[in-house]
Engineer: 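The structure that follows is given in the form of structure tokens.
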2 protein chains.
Amino acid sequence: MRKGEATRVRIVGEAARQAALRGLTGVSLSDLADAVGLSKSGLFKHFDSKDDIHLAVVESVMDRFGEMIWKPAEILPPGRARLEVIFERWLYWCEEEWAESGCPINAFSIELDDQPGPLRDLLRRRLLGWRKTLLREFRALRDPALSEAEAQAAYFQMKSFILGHTDSRRMMGDDDARKSASAAFDALLDRTSRLDA
Amino acid sequence: MRKGEATRVRIVGEAARQAALRGLTGVSLSDLADAVGLSKSGLFKHFDSKDDIHLAVVESVMDRFGEMIWKPAEILPPGRARLEVIFERWLYWCEEEWAESGCPINAFSIELDDQPGPLRDLLRRRLLGWRKTLLREFRALRDPALSEAEAQAAYFQMKSFILGHTDSRRMMGDDDARKSASAAFDALLDRTSRLDA
DNA sequence: GAGCTTAGCGACCGGTCGTGCTCTTTTCTA
DNA sequence: TAGAAAAGAGCACGACCGGTCGCTAAGCTC
């Protein structure tokens, strides 16, 4: 079943590209089929329904996210340098990897946050896993480890700066978005790793 | 033309409600017509096209945003208290005013940031105006006024916390989102209004 | 290389999309 | 209160939607 597997990957990749642009719901099966050089009915040899494609897209995007952001960070020991790499890669992911559309994870979050169902559940599950990882990293940032509350506060701000970066760069057309985000994150690491009253 | 004006307002209001849920593109004219108790063709006595409705929706949402957030703040003198009211009202706007759907401005930003055209231009224009207002407020936060760069950094973080709040509350299901956002913003005001090397 | 399995195509389905057109009813104004 | 103007209903349109079915052709395995 080698050939079919390869085609499936191509379909999911293209579907993700289009979904990042127009939203998951906004992708039409005819457009998708055309883009991968298939007939519409050909798609259904690989997926049972459009919903089935949605699930595969979310799963695939989250997998790629892990590969791109976590893989290059985990070779470093826990601590500030690792967090810096993560943030750096995350910005790269939003800015370069999805240059034409913006980060699909942000887009899917907005699209799905009011649409209960297995698709939202899948996305939420993957995002919660990622958050758990980051909380662990933040706790390890200081020698007397950060409390859970401190780690949560730090995570909240980190994620916020990622979202702010996209908004600033893509919607407001701000060329300094990356600098703003990096500076804000650096300051966050400064005050979080510092031991003060 | 009294009656028509009222109907138009009803249409735009309902369209905004639905667009906040399903996206501007996701609103169908039949659903919209049903919801306001009109026939589909009846809609076209008030708007020339679906795009025309989109423009009216964005304009109307931004107007309401100004009324809800700025109006109660401008009675206060410039300074920290005014900024605190703005942030507070902004969170309220996201959390209560659009409880079922999440803030439509965030949703429209994600939906439109890769869709060039007059609709995106309109949204961007309104958002730039709002940003200009906030930059002025931040500059007035300290007695030796903040530099433009400092004000921009502060604005970036404020907007980030707003976005983070929605993501945390709606997508991650975090009940503490509001507390996290408020705490982060308070700390931002602390370190921004402080005069340090 | 025979034969089963799978990938993929083309035609087609019922339904919905946005948007015209015509005609009637309501509303406002002189 | 007559009559113009506005509001709205009804219907039909062509295009497109997600999805099914039967068929062929290619791929894979023994």
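Since the structure is predicted, the reported quantities are computational estimates derived from the model, not experimental observations.
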Engineer: Reckon B:K40 has a side-chain N or O less than 4.0 Å from the OP1 or OP2 of C:dG20?
Structural biologist: no
Engineer: Does B:S39 make a side-chain donor-acceptor contact with the base of D:dG8, cut-off 3.5 Å?
Structural biologist: no
Engineer: Over 60° means perpendicular and under 30° means parallel, so classify the ring planes of B:W90 and B:W130, tilted if in between.
Structural biologist: perpendicular
Engineer: Would you say a side-chain N or O of B:H46 is under 4.0 Å from OP1 or OP2 of D:dG8?
Structural biologist: yes
Engineer: Just the rounded figure in Å: distance from C1' of C:dT6 to CZ of A:F44.
Structural biologist: 18 Å
Engineer: How close or far is atom C1' of C:dC13 from atom CG of A:L29, stated in whole angstroms?
Structural biologist: 15 Å
Engineer: Nearest whole angstrom, please: distance from the P of D:dA7 to the CG of B:L43.
Structural biologist: 13 Å
Engineer: Any chance the side chains of B:Q152 and B:R139 put a donor and an acceptor closer than 3.5 Å?
Structural biologist: no
Engineer: So for A:K50 and D:dG19, does any side-chain atom that can act as donor or acceptor lie under 3.5 Å from a complementary atom in the base?
Structural biologist: no
Engineer: Would you indicate which nucleotide in C:dT19, C:dG8, D:dG8 comes nearest to any side-chain atom of B:T7?
Structural biologist: D:dG8
Engineer: Do A:R89 side-chain atoms and A:M68 backbone N/O form a donor-acceptor pair below 3.5 Å?
Structural biologist: yes
Engineer: Classify the angle between the aromatic ring planes of A:W93 and A:F65 as parallel (below 30°), tilted (30 to 60°) or perpendicular (above 60°).
Structural biologist: perpendicular
Engineer: Checking side-chain polar atoms at under 3.5 Å, does A:E150 have a donor or acceptor matched by the opposite partner on A:S147?
Structural biologist: yes
Engineer: Hey, does B:G26 reach any base, or is it just sugar-phosphate, or nothing, if we go heavy atoms under 4.0 Å?
Structural biologist: nothing
Engineer: Does the side chain of B:S28 get closer than 4.0 angstrom to OP1 or OP2 of C:dT16 through an N or O atom?
Structural biologist: no
Engineer: Nearest to the side chain of B:K3, heavy atoms from C-beta on, is which of C:dG8, D:dG19, C:dT27?
Structural biologist: C:dT27
Engineer: Ignoring hydrogens and angles, are the base of C:dG8 and the side chain of A:K45 linked by a donor-acceptor pair under 3.5 Å?
Structural biologist: yes
Engineer: How long is the line joining CG of B:D31 and C1' of C:dT16, in whole Å?
Structural biologist: 10 Å
Engineer: Does any N or O donor sit under 3.5 Å from an N or O acceptor when you compare the side chain of A:S41 with the base of C:dG8?
Structural biologist: no
Engineer: Using a 4.0 Å heavy-atom cut-off, does A:V36 contact any base of the nucleic acid, only the sugar-phosphate backbone, or nothing at all?
Structural biologist: nothing
Engineer: Specify the separation, in whole Å, of atom CD of B:E5 and atom P of D:dA7.
Structural biologist: 9 Å
